[in-house]
Enquirer: 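For reference, the structure I am asking about is given below.
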Amino acid sequence: MSSYISELINDKTIIGACIGAIFSIIGAFVAYGLNLKLERRKLIKDKKESLFNYNQSLLIIIAEINSYDRRFSSDISSLAKSLENKKNEEKSNIKLMTNLYFKHLDNEFSTAFFEIDSIFEQVKFNKNPGIDAFISAIGKLTNLSDKILKI
């Protein structure tokens, strides 16, 4: 029995097969790791695109109210009320994205949301939030757009 084991140890074919198997296993783990990394990058890219689109929709809503406020200030509260569901939907989508994938943007979006909600509340009650409120909210959302693109 011991001679059989010594013959196996001295057999270069078995040694080569063992070395090949080890390298195959290592290669499989490396390929798996690289594949995971690639999938993560793709996921982040897709989520970044979605976050950017939600942010742009919110920006358009605020800009629409701002432009409407300058033209037809008497009926702006009905516009704000009609856009509130869309605003809340975009905010929810943004909160989901920032909580799951982009935590570092969460506080900045919270600040922008506070200003946007303040504008909506004032407009819904026929109060004029003032151009500075619109400029600030639009500026924050534009700044966030730039940050999203740099991710």
Side-chain angles (χ1 to χ4, degrees), residues 12-151:
K12 295 186 191 288
T13 309
I14 292 179
I15 292 173
C18 289
I19 291 172
I22 290 171
F23 280 111
S24 293
I25 292 170
I26 291 171
F29 279 119
V30 169
Y32 177 74
L34 291 174
N35 192 28
L36 281 179
K37 193 173 185 179
L38 184 64
E39 287 295 320
R40 175 73 178 159
R41 281 186 188 165
K42 184 179 180 234
L43 175 71
I44 292 298
K45 180 184 173 209
D46 291 344
K47 298 306 178 182
K48 175 179 127 175
E49 187 177 307
S50 295
L51 181 63
F52 183 81
N53 288 334
Y54 297 140
N55 187 62
Q56 290 303 103
S57 293
L58 201 53
L59 188 59
I60 290 168
I61 290 169
I62 296 302
E64 185 176 345
I65 289 177
N66 182 31
S67 69
Y68 196 83
D69 184 38
R70 293 181 184 186
R71 293 179 294 169
F72 312 105
S73 60
S74 62
D75 195 27
I76 193 168
S77 66
S78 63
L79 176 67
K81 290 174 185 172
S82 70
L83 290 174
E84 188 155 29
N85 285 339
K86 181 69 174 162
K87 171 198 67 123
N88 290 337
E89 180 182 327
E90 299 304 335
K91 280 177 48 182
S92 294
N93 289 331
I94 288 171
K95 285 179 184 179
L96 178 66
M97 290 293 164
T98 57
N99 283 333
L100 292 176
Y101 302 104
F102 309 105
K103 282 262 191 220
H104 60 284
L105 296 176
D106 198 39
N107 287 336
E108 291 181 66
F109 270 112
S110 293
T111 304
F113 291 163
F114 180 77
E115 287 188 22
I116 291 166
D117 288 340
S118 175
I119 288 171
F120 264 79
E121 288 304 312
Q122 290 180 34
V123 168
K124 281 191 327 190
F125 295 110
N126 288 322
K127 295 179 183 175
N128 188 345
I131 191 68
D132 291 339
F134 285 106
I135 289 173
S136 178
I138 289 170
K140 285 186 173 150
L141 290 173
T142 303
N143 184 36
L144 282 162
S145 292
D146 293 340
K147 288 185 178 187
I148 292 167
L149 290 174
K150 290 178 183 175
I151 293 175

Enquirer: Do Asn143 and Lys147 come close enough that some side-chain heavy atom pair is under 4.5 Å?
Expert: yes
Enquirer: Looking only at heavy atoms, what is the nearest atom pair of Ser82 and Leu79, with distance?
Expert: OG-O, 2.8 Å
Enquirer: To the nearest 0.5 Å, what is the distance between CG (Asn93) and CG (Asn88)?
Expert: 11.0 Å
Enquirer: How far apart are the closest heavy atoms of Gln122 and Pro129, and which atoms are they?
Expert: OE1-CA, 2.8 Å
Enquirer: Tell me whether Asn55 contacts the main-chain N or O of Leu141 through its side chain, where contact means a donor paired with an acceptor under 3.5 Å.
Expert: yes
Enquirer: Report the distance from atom CZ of Phe109 to atom CG of Leu58, rounding to the nearest 0.5 Å.
Expert: 8.0 Å
Enquirer: Would you say that Asp117 contacts Lys87 through its side chain, given a criterion of any heavy-atom pair below 4.5 Å between the two side chains?
Expert: yes
Enquirer: Would you mind reporting whether Tyr101 and Ile151 have side-chain heavy atoms less than 4.5 Å apart?
Expert: no
Enquirer: Taking atom CG of Asp106 and atom CZ of Phe113, what is their separation to the nearest 0.5 Å?
Expert: 8.5 Å
Enquirer: Rounded to the nearest 0.5 Å, what separates atom CG in Leu144 from atom OG1 in Thr111?
Expert: 9.0 Å
Enquirer: Might you work through the salt bridge (charged side-chain N to carboxylate O under 4.0 Å, His left out) test for Lys45 and Glu49, ending with a clear yes or no?
Expert: CA-CA 6 Å; Lys45 180 184 173 209; Glu49 187 177 307; 5.7 Å; no
Enquirer: Return the OH to CD distance between Tyr54 and Glu89, rounded to the nearest 0.5 Å.
Expert: 8.0 Å
Enquirer: Under 4.5 Å between any side-chain heavy atoms of Lys48 and Phe102, yes or no?
Expert: yes
Enquirer: Identify the heavy atoms of Ala80 and Lys124 that sit nearest to each other, and give their distance.
Expert: CB-CG, 4.0 Å
Enquirer: State, to 0.1 Å, how close Ala133 and Glu115 come at their nearest heavy-atom pair, and which atoms those are.
Expert: O-OE1, 4.3 Å
Enquirer: Do side-chain atoms of Ser24 reach the backbone of Gly20 as a donor and acceptor pair under 3.5 angstrom?
Expert: yes
Enquirer: Tell me, do Phe125 and Ser77 make a side-chain contact under 4.5 Å, heavy atoms counted?
Expert: no
Enquirer: If you take all heavy atoms of Ile62 and Ile138, which pair is closest and at what distance?
Expert: CG2-CG1, 3.7 Å
Enquirer: Going from CG on Leu59 to CG on Asn53, what distance comes out if it is rounded to the nearest 0.5 angstrom?
Expert: 12.0 Å
Enquirer: Does the side chain of Phe120 come within less than 4.5 Å of Ile61's, by heavy atoms?
Expert: yes
Enquirer: For the side chain of Ser118 and the backbone of Phe114, is there at least one donor-acceptor N/O pair under 3.5 Å apart?
Expert: no
Enquirer: Is the closest side-chain heavy-atom distance between Glu108 and Thr98 below 4.5 Å?
Expert: no
Enquirer: So do Ile131 and Asn66 actually touch side chain to side chain, heavy atoms under 4.5 Å?
Expert: yes
Enquirer: Any Lys/Arg nitrogen of Lys42 or Glu39 sitting under 4.0 Å from an Asp/Glu carboxylate oxygen of the other?
Expert: no
Enquirer: Write down the atom of Ala137, the atom of Ile116, and the distance for their closest heavy-atom approach.
Expert: CB-CG1, 4.2 Å
